[in-house]
Every structure is written in C-alpha cells, then in structure tokens.
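Heads up, the thing below is written out as structure tokens.
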Amino acid sequence: MASHKLLRAREYEEKTAKLIPDASRPKFHLSPCVGWMNDPNGFSWYKGEYHLFYQYNPYDTVWDSMHWGHAVSKDLLNWRYLPAALAPDESYDSFGCFSGCAVELPTGEHLLMYTGSRKDGNTGEEIQTQCIAVGDGLNYKKYARNPVLDENILPEGLSRSNFRDPKIWREKDGSYRCVVSACGQDNLGTILLFSSKDGFEWKYESVLVKNDGRFGLMWECPDFFILDGKHVLITNPMDMIPDGYEYNNRNGTVCLIGELDDEGKHFSYAYHHSVDYGIDFYAPQTILAPDGRRIMTGWMQNWDNSRLIDRKGRQWFGQMSLPRELSVRNNRLYQQPVRELEQYRTNKVEYRHVFVEGELFLKGIEGRTADLEITIRPADTERLYRKFEVNFAQDGQYRTVLSFCPHESVLKMDLSFSGLDKVCVSQCQCKVSDRNGELKLRIILDRFSAEVFINDGEQAMSVAVLTDVSAEKISFNAVGEAIMDIIKYDL
Ligand code: FRU
C-alpha cells in the first residue's frame, strides 16, 4: 500500500501534469512530470524498457522534499511518465529520498537503492544512510530492515552527514557491489566499496579511491565501470577549482581513467578530464544496455544557476541530457548521442563548401529542435581564419554564441545574451584538439538546450538555453575566411 505522502504526490501529478502543454517542454529530453528535477536516479533496463527515475519535488520548481519521479522509454528519447516511485515517508528518509540506483534481482523484481536522509531532532544534523525499495517497475515497497548501510559500517573518521548516492552493479558470479560517496573532517571525497550476495545485506570492502585534494571537496554521485579495457570512475566534485581549461564549471563532473588492483578493492587513475565542458551537466549515471552499450545521462543544469534563474510562471524546472553512448579512446571518455536519435531526423538540408566571411544566414537552417553536423576549415591553409561563430536561439534581441578561435584551439559558449536576467554562470570554454583550424561539431538543439559533441565525441559541451522558443534563427560569422560544410535535420 502506497503511503499517504506518495499517494498525495501521485494525485498531484495526475491533476497538474496535464496542464503543462507538451510544447512548453523539451521534445525528447526528459523533464519532470511537474515541479523540480535534479539528478538522474535508478537508470536501468527492466522488463523490456529503460527506466529513469529522478530527484523530484512535484510541488514546486525549487529543490525540496526529495521524491523519486519515474519515466520509461523504449528508445531513450520518447519518455512516458509513470507515477512517482518514492516519497520521503519513513523516519529514516524524512528529509528526502536522495540519489541512488536500480538493478534487477534474479527473482525478476526491481531493486532500488537510495540515500535516506533525515535530520537529528535535537541538533539538526543531517544523517544519511543507504536504503532499499523493491518493486515491479511501477510500485515499490521500502525494505522492512532499512537502512541497509548506516554510520555503523563507516570506516573511522568518515561522517554520517555525507554518506550518499549508492551505485550498484552485478558481478559475473551474481553477487553485487556498490560504490557510495563519503567524506571525513578534511571534507575530501572518499569513494567506498561494498559487496553483497543478495542486494540486501551489505559488507564493507574498502576505500576504492580518495580525493587527494586535486578535485574539489566532497565527491557526489559516483559511478564505476569497466569500458574498453579500462576502469572508469565518474564523480562530481563539489567546489572544484578550474585547472586551465579543465573543470571550468566548478560543480561539474570528472572522469578518472585507470586500473583496479588484483584484489578488486583499490582504484588508481592515470588520466582525468572534465566529462562535459558546458555549464549544465551534473550527477550523470550510466547503464549497460542489453546490446552492450554503456550509456550515460546527466542532469542538464547546474546548482549555481538553478538557484538564481527566475521561474515565475514555470511549471517545470530541470531536464536530463541526451543519453550518450560512451567509449574510451586515447585515455579519454568519448561521447556520442545515442544512435536512436537518428530515426527522429527529418527535412535534411545540406550545404557543402560554403565560403564564410562575415555574417551568413542559410535558407532552411533554423529551428530549436535540430541536429546539425558542421565542419569548419580555413579557406587558405596558410592563413587561419581568426574566429568562427555559430549563433542560435536567435532573434532581434537574443542569441547564444558558440565561437571557435583556431589560433588557440579554444571553443567557447556564451549565453550572456540569451535572456538571463540574473548574474548566472553564462560562459564556458574548452581547449579542443589542434587540427589546423579544422573543427567538427554536432549540435543537438531541443527547445531549451544545446549539446555540442566536438570532433566525433572527443569532448562534449552542454547548456540549458531558456530563451523563448520563438527565437529560432541560426547564423554563422567568420572573422577571416572559412569554409563550412553543414547538414541540418529537424528533430
Ligand atoms: C547531487 C546531490 C546528491 C544528492 C542529491 C539530493 O546533485 O546533491 O549528492 O543525493 O543531489 O537531491
């Protein structure tokens, strides 16, 4: 039987979600059924569909009273809402059902593992534990013996106030492992590894890896997997200090690539980089799809801006990134939009060898739901152009600018003129591979976002673009002489 709090959330969704016009939402990115969304949770394949849950406050467009929202999809793009799955209705999760994951049990049931957060009645201290709920893909029952991991299992010195975001996986022998974030008095993120035979009773294994002070403070929402022969840890350092062109978005996502020791207990990394160089990408989760692809989706927002952006009149806030296919090449994480997107492409418009000097509009190249493949190169290989710009979400007043300076190999996104009325983070940049002024971009626009995949997925840059959708012009601008090939599809 669903609790009063969960029923209330479900009734509220039922009543209010239908009042939100489809056209006011992203077309193929998941947004909350109603209200607020942050991290993706419980991303899994279950009973023939992808399930994606999310951190959710149905009642307002601000963070509060974390529930788990729920949606399913057969192709990762066309999502159908299911009723909210979890509400903060137990003493151990009364401050919120925080982030977590999902896995299918041999019984055919769907197990959710999440962080139950509560406040100490006397001191107000936040206490975080790991909890379980089991269900059938629609209704979930919290485990009678929750929490399954609490402060008693924490190694000495680690704080019960920062112990969250379990990510579980199944080993070949059928047993389970999970990683959970923690930190001690030094505030430095520590990723703990636990094991379990059945998914319910957990044993502490080791400190998988600890932040040595190079990557911010606490590490949130870890994900750990093996891909193309490498071990990969993705995590989200809080309060990161930019390092050259890396980690510019501060509360962003880092990818550490390395090896697990023979005992399977300690991870050491040799390579690291930002997972996404845009402003809006956080707390991603990956799954292993039935066809063997490792697919990742993240929250396409950032904490700093989400507290500032005006949401008067908004009925939803927050969206997920496009699910992306991952691979590891040259010790980097490559990302490409899931191939399922290709079946949504229509109205192909193509121009080849377009000479660009100054501003240029091209017939048929416009829109806010589009898939653009652009290659830029110098008109004269001896003389690089100075700058190339793609302007989009543009009208007489507003625009978002993606600009590339080949002399520095730097790509920048600027949302300063996109209509933001607060002092939000509005610029981001990354250093791309130097290819003598040649740059390959794939830009996916979906009403309120732009995701840029650079040089065949070597880097990605994602931003939420809240400009009114009537601003749909796209233009190009070169300082110097450039040549462009472009293919555009409507989505
Ligand atoms: C990351 C995060 C998680 C936490 C959740 C709460 O964005 O802070 O660490 O579980 O959000 O909503």
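Each ligand, and each atom within it, is numbered from 1 in the order the structure gives.
- Counting only residues at least two apart or on different chains, the ring pair (Phe, Tyr, Trp, His ring centres under 6.0 Å) pairs with a member in residues 123-154 are Phe53-Tyr140, His110-Tyr140, Tyr143-Phe200.
- In terms of modelled atom types and a separation under 3.5 Å, the side chain of Arg25 and the main chain of Pro32 share a donor-acceptor contact.
- Counting only residues at least two apart or on different chains, the salt bridge (charged side-chain N to carboxylate O under 4.0 Å, His left out) pairs with a member in residues 177-199 are Asp186-Lys210.
- Between Phe28 and Tyr344, the distance separating the two ring centers is not shorter than 6.0 angstrom.
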Are there any protein N or O atoms under 3.5 Å from the N or O atoms of ligand 1? List them with distances, or say none.
| unit_1 | atom_1 | unit_2 | atom_2 | d |
| --- | --- | --- | --- | --- |
| ligand 1 | 7 (O) | Asp39 | OD1 | 2.7 |
| ligand 1 | 7 (O) | Asp39 | OD2 | 3.2 |
| ligand 1 | 7 (O) | Trp303 | NE1 | 3.0 |
| ligand 1 | 8 (O) | Glu220 | OE2 | 2.8 |
| ligand 1 | 9 (O) | Arg164 | NE | 2.9 |
| ligand 1 | 9 (O) | Asp165 | OD1 | 3.4 |
| ligand 1 | 9 (O) | Asp165 | OD2 | 2.6 |
| ligand 1 | 9 (O) | Glu220 | OE2 | 3.0 |
| ligand 1 | 10 (O) | Ser99 | N | 3.1 |
| ligand 1 | 10 (O) | Asp165 | OD1 | 2.6 |
| ligand 1 | 11 (O) | Asn38 | ND2 | 3.3 |
| ligand 1 | 11 (O) | Asp39 | OD2 | 3.1 |
| ligand 1 | 12 (O) | Asn38 | ND2 | 3.1 |
| ligand 1 | 12 (O) | Gln55 | OE1 | 2.7 |
| ligand 1 | 12 (O) | Trp63 | NE1 | 2.9 |

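- Relative to the ring axis of Phe98, Arg164 does not place its NZ or CZ within 45° and under 6.0 Å from the centre.
- Residue pairs meeting the salt bridge (charged side-chain N to carboxylate O under 4.0 Å, His left out) criterion with at least one member in residues 8-22, sequence neighbours excluded, do not occur.
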